[in-house]
There are 2 protein chains.
Amino acid sequence: MDLEEAKLQFIQAWGKLGSEWGINRTMAQVHALLLITPEPISTEEIMEQLSISRGNANMTIRDLINWGLVEKQLKPGERKEYFYADKNTWNIARQVARERRKRELEPVIKVLNELTKVDGDSKDPAYKTFHKTVKDINKLAANVDKLFVTVLNAEESWFWGSIFKIFK
Amino acid sequence: MDLEEAKLQFIQAWGKLGSEWGINRTMAQVHALLLITPEPISTEEIMEQLSISRGNANMTIRDLINWGLVEKQLKPGERKEYFYADKNTWNIARQVARERRKRELEPVIKVLNELTKVDGDSKDPAYKTFHKTVKDINKLAANVDKLFVTVLNAEESWFWGSIFKIFK
DNA sequence: TTAAACTTTCAGTAATTATTGAAAATATAT
DNA sequence: ATATATTTTCAATAATTACTGAAAGTTTAA
């Protein structure tokens with residue numbers, strides 16, 4: 001396999017994984033492209049390489065910037081904007097964890113907290129089951145949330161080192 | 001808020017979270033309904049409670065069974081099938097981890113392993129960046145995979161206990 | 001067997017989500 | 001000011017994904 005084919009496969013694989021985990025496929029693909037591109041590139045180049053429209057490229061790049069995964073670079077004397085992705089995988093993981101926690105996990109935990117408080121007849125199996133399930137899921141979600149926070153604040157080698165010291 | 005409203009909210013919240021993380025919304029909702037229902041219920045009841053068609057209910061239930069989250073129960077002397085969800089949240093987490101690992105993580109790790117082997121000119125920045133990125137992501141993915149396996153084999157209290165002993 | 005009770009399938013349709021492309025907006029240079 | 005380069009927006013459209021409902025299939029009982 002040559003480099004060009006390998007690049008395409010990487011972009012495809014990353015896009016597929018993204019879409020399976022609720023991230024827009026194009027967004028994952030643009031990110032993948034930037035990850036394997038040494039220098040900042042322009043919207044034009046992204047459009048060409050992935051065969052997507054200007055509108056799509058523009059919106060996707062904005063999203064990636066909002067996710068903190070890509071940054072804009074301006075070349076002196078040039079009007080055009082160039083884009084560059086942080087290539088440190090631990091930063092990427094952290095950034096994704098941070099955003100998904102904020103956007104998706106926190107809201108659901110908030111709802112679960114409210115639902116935990118709902119009162120009812122403790123003799124009623126329907127109430128008992130509801131209450132226990134919500135409480136248990138809430139607890140699990142809170143633990144996952146804590147784990148996310150830990151990831152956010154940890155250094156990569158320290159994190160995995162500590163994890164696999166116990167779970168060998 | 002009364003119990004009925006709380007149930008609806010729970011089903012909604014769980015469905016939303018599911019869809020944000022790449023799980024069919026209806027599947028997450030049926031699962032949520034079964035999670036808060038003390039006794040096994042029939043397809044009819046699921047159809048009614050969630051206002052979905054028989055076909056949708058049937059396919060969704062099969063999926064949940066394939067994911068190992070729901071089991072079929074037969075009542076003696078009755079022809080109808082009833083469905084029941086395991087309510088142990090740790091089992092649920094484990095089961096989801098097991099399936100997603102198998103369906104989504106393993107395939108991508110396989111591709112990444114192949115791409116790591118692609119050879120090229122070590123003077124070429126395009127190749128260097130590609131190779132390093134793929135290698136790094138591969139390593140991260142392998143660690144996430146290992147973490148999944150650990151979850152799969154661990155007891156809940158032991159797992160969280162060990163985690164938060166280090167990451168206090 | 002036949003019929004009744006129930007489950008499964010899947011072509012057609014609906015709903016959702018993603019993308020295009022051209023017009024509007026913005027920024028810079030002359 | 002005007003022209004030019006570039007980015008942004010968003011209504012229209014396309015692509016994808018999910019759902020329905022009725023027909024076909026299966027199982028059990030009489």
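So you know, we letter chains A, B, ... as the sequences are listed, proteins then strands, and number each from 1.
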Query raised in the report: Which residue lies toward the 5' end of DNA chain D, G55(A) or N56(B), if each is placed at its nearest nucleotide?
Result: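 First, find each residue's nearest nucleotide; the 5'-ward one identifies G55(A).
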Requested in this report: Between M59(A) and E81(B), name the one whose nearest nucleotide on DNA chain C is closer to the 5' end.
Outcome: E81(B)
Query raised in the report: Between T26(A) and K72(B), which has a closest nucleotide on DNA chain C that is more 5'?
Result: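 It is K72(B), whose closest nucleotide lies nearer the 5' terminus.
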**Report entry** Sugar-phosphate only, base, or nothing, as touched by R25(A) at under 4.0 Å among non-hydrogen atoms
**Finding:**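 Counting heavy atoms under 4.0 Å across all strands, no contact is made by R25(A).
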Requested in this report: Name the nucleic acid region contacted by S51(A), choosing base, sugar-phosphate or nothing; use a 4.0 angstrom heavy-atom cut-off, strictly under.
Outcome: sugar-phosphate
Query raised in the report: After noting the C-alpha distance and the side-chain angles of N113(A) and N138(A), does the key distance pass the side-chain hydrogen bond (donor to acceptor under 3.5 Å, both in side chains) rule?
Result: CA-CA 7 Å; N113(A) 274 327; N138(A) 196 25; 3.0 Å; yes
Query raised in the report: Is it the case that E104(A) and W21(B) place a side-chain donor and acceptor less than 3.5 Å from each other?
Result: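 The answer is yes; a qualifying pair exists.
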To the nearest angstrom, how far is [X] atom [atom1] from [N] atom [atom2]?
X	N	atom1	atom2	answer
M47(A)	dT8(D)	CE	P	13 Å
I52(A)	dT7(D)	CD1	P	14 Å
I46(B)	dC6(C)	CD1	P	15 Å
D63(A)	dT9(D)	CG	C1'	14 Å
R54(B)	dA23(D)	CZ	C1'	13 Å
F83(B)	dC6(C)	CZ	C1'	11 Å
I65(A)	dT8(D)	CD1	C1'	13 Å
L74(A)	dA27(C)	CG	P	13 Å

Of the listed nucleotides [options], the one nearest the side chain of [X]:
X	options	result
N58(B)	dT8(C), dT6(D), dG21(C)	dT8(C)
N24(A)	dT20(C), dT19(C), dT7(C)	dT19(C)
S53(B)	dA18(D), dT7(C), dG21(D)	dG21(D)
R79(B)	dC6(C), dT7(C), dA29(C)	dC6(C)

Query - Side chains of R54(A) and M47(A) in contact at under 4.5 Å (non-hydrogen atoms) - result: yes
Query raised in the report: Which is it for W160(A) and W90(A) under the side chain to side chain contact (heavy atoms under 4.5 Å, CB included) test, yes or no, and what are the steps along the way?
Result: CA-CA 11 Å; W160(A) 292 118; W90(A) 186 247; 3.5 Å; yes
Query raised in the report: How about E39(A): does its CD atom have over 12 heavy atoms from other parts shown lying under 6.0 Å from it?
Result: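 At most 12 heavy atoms, drawn from other residues, nucleotides or ligands, come within 6.0 Å of this atom.
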Query raised in the report: Does the side chain of R62(A) get closer than 4.0 angstrom to OP1 or OP2 of dT8(D) through an N or O atom?
Result: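 Checking R62(A) against dT8(D): at least one side-chain N or O falls below 4.0 Å of OP1 or OP2.
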